[in-house]
Q: 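Below you'll find the structure I mean.
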Amino acid sequence: QVQLLESGGGLVQPGGSLRLSCVLSGSIFSPSVMGWYRQAPGQHLELVASISSAGGTNYADSVKGRFTISRDNHTVYLQMNSVNPDDTAVYLCYAYLPKKDSATNLRYWGPGTQVTVSS
């Protein structure tokens, strides 16, 4: 059974740093894409960063230069530096994996981890 589980969230002061981790279990396949969404209260889901199996990355403009996404096989990380209160959100890990008996991929989600930036 495929499972994604985030860790590393918590309370951090403005200007501080956090490192989020997300571990994929239950699959022998390496995800084609892994990444992070976030959702602040009353807001829509926002794609924060993604990384492909080839190492290509994409970042939201709001986090460029501050956040770094990386991956190691079945784990994806989000290094968050110089955080500000606008980064406060539930951060959700996702991964695309092959769909059974199909050439397409299916997106899986973790339950999310809360990041709160406050002094």
Side-chain angles (χ1 to χ4, degrees):
Q1 185 171 350
V2 174
Q3 183 178 354
L4 291 165
L5 184 61
E6 305 95 340
S7 63
L11 178 64
V12 62
Q13 293 186 337
S17 297
L18 280 178
R19 191 193 193 203
L20 305 183
S21 300
C22 177
V23 179
L24 168 69
S25 62
S27 177
I28 64 171
F29 298 103
S30 179
S32 58
V33 178
M34 301 184 77
W36 298 87
Y37 279 81
R38 68 184 181 185
Q39 187 168 31
Q43 304 296 315
H44 296 290
L45 283 172
E46 176 189 20
L47 178 61
V48 177
S50 63
I51 183 167
S52 71
S53 59
T57 59
N58 286 288
Y59 295 94
D61 288 340
S62 59
V63 307
K64 286 182 179 178
R66 301 188 298 117
F67 293 5
T68 302
I69 190 169
S70 60
R71 64 185 289 175
D72 182 10
N73 294 323
H74 291 72
T75 305
V76 63
Y77 308 92
L78 187 68
Q79 179 66 46
M80 305 168 60
N81 296 330
S82 302
V83 297
N84 59 64
D86 290 338
D87 296 321
T88 296
V90 173
Y91 284 73
L92 299 153
C93 172
Y94 76 92
Y96 278 96
L97 290 166
K99 187 178 181 180
K100 185 178 180 180
D101 300 324
S102 175
T104 61
N105 291 332
L106 185 65
R107 183 162 64 183
Y108 294 84
W109 294 91
T113 184
Q114 176 71 46
V115 173
T116 301
V117 182
S118 177
S119 60

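Values reported hereafter were calculated over all heavy atoms of this structure, with side chains retained and with hydrogens, waters and symmetry mates removed. For reference, positions follow the sequence shown, starting with 1.
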Q: To the nearest 0.5 Å, what is the distance between CD on Q39 and CG on L92?
A: 7.0 Å
Q: Answer whether the closest heavy-atom distance between the side chains of S62 and D86 falls below 4.5 Å.
A: no
Q: With a 4.5 Å heavy-atom cut-off, do R66 and N84 have their side chains touching?
A: yes
Q: Apply the test side-chain contact (heavy atoms from CB on, under 4.5 Å) to residues L24 and L97: give CA-CA distance (whole Å), side-chain angles for both, the deciding distance (0.1 Å), then the verdict.
A: CA-CA 10 Å; L24 168 69; L97 290 166; 4.0 Å; yes
Q: Quick one: are T88 and R38 in side-chain contact, heavy atoms under 4.5 Å?
A: no
Q: If you take all heavy atoms of R71 and S30, which pair is closest and at what distance?
A: NH2-OG, 3.3 Å
Q: Heavy atoms, side chains only, cut-off 4.5 Å: are V76 and C93 in contact?
A: yes
Q: Kindly say whether the aromatic ring centers of Y94 and Y37 come within a distance under 6.0 Å.
A: yes
Q: When clusters are formed by joining ILVMFWY residues with side-chain heavy atoms under 4.5 Å apart, either directly or through shared neighbours, do I28 and Y96 land in the same one?
A: no
Q: Roughly how far, to the nearest 0.5 Å, is the CD1 atom of I69 from the CH2 atom of W36?
A: 8.0 Å
Q: Find out whether T113 and L20 are in side-chain contact, i.e. whether some heavy atom of one side chain is under 4.5 Å from a heavy atom of the other.
A: yes
Q: Looking only at non-hydrogen atoms, find the nearest pair between S17 and S82 and report the distance.
A: OG-N, 4.3 Å
Q: Can a donor-acceptor pair be found, under 3.5 Å and without considering hydrogens, that links the side chain of H74 to the backbone of P31?
A: no
Q: If every non-hydrogen atom of L78 is compared with every non-hydrogen atom of A49, which pair is closest and at what distance?
A: CD1-CB, 4.2 Å
Q: Do I51 and Y108 sit in one hydrophobic cluster, given that two such residues count as connected whenever their side-chain heavy atoms are within less than 4.5 Å of each other, even indirectly?
A: yes
Q: Of all the heavy-atom pairs spanning V2 and S27, show the shortest one and how long it is.
A: CG2-CB, 4.2 Å
Q: Check whether any side-chain heavy atom of L5 lies under 4.5 Å from a side-chain heavy atom of V23, and answer yes or no.
A: no
Q: Following the transitive rule for hydrophobic clusters with a side-chain heavy-atom cut-off under 4.5 Å over Ile, Leu, Val, Met, Phe, Trp and Tyr, establish whether Y91 and L18 coincide in one cluster.
A: yes
Q: Does the side-chain contact (heavy atoms from CB on, under 4.5 Å) test come out yes or no for F67 and D87, once each step is laid out?
A: CA-CA 11 Å; F67 293 5; D87 296 321; 3.7 Å; yes
Q: Compare every heavy atom of V48 with every heavy atom of V63, then report the nearest pair and how far apart it is.
A: CG2-O, 3.7 Å
Q: If you take all heavy atoms of A95 and L4, which pair is closest and at what distance?
A: N-CD1, 3.7 Å
Q: Okay, side chain of E6, backbone of C22: is any donor-acceptor separation there less than 3.5 Å?
A: no
Q: At what distance, to the nearest 0.5 angstrom, does CE of M34 lie from CG of D72?
A: 10.0 Å
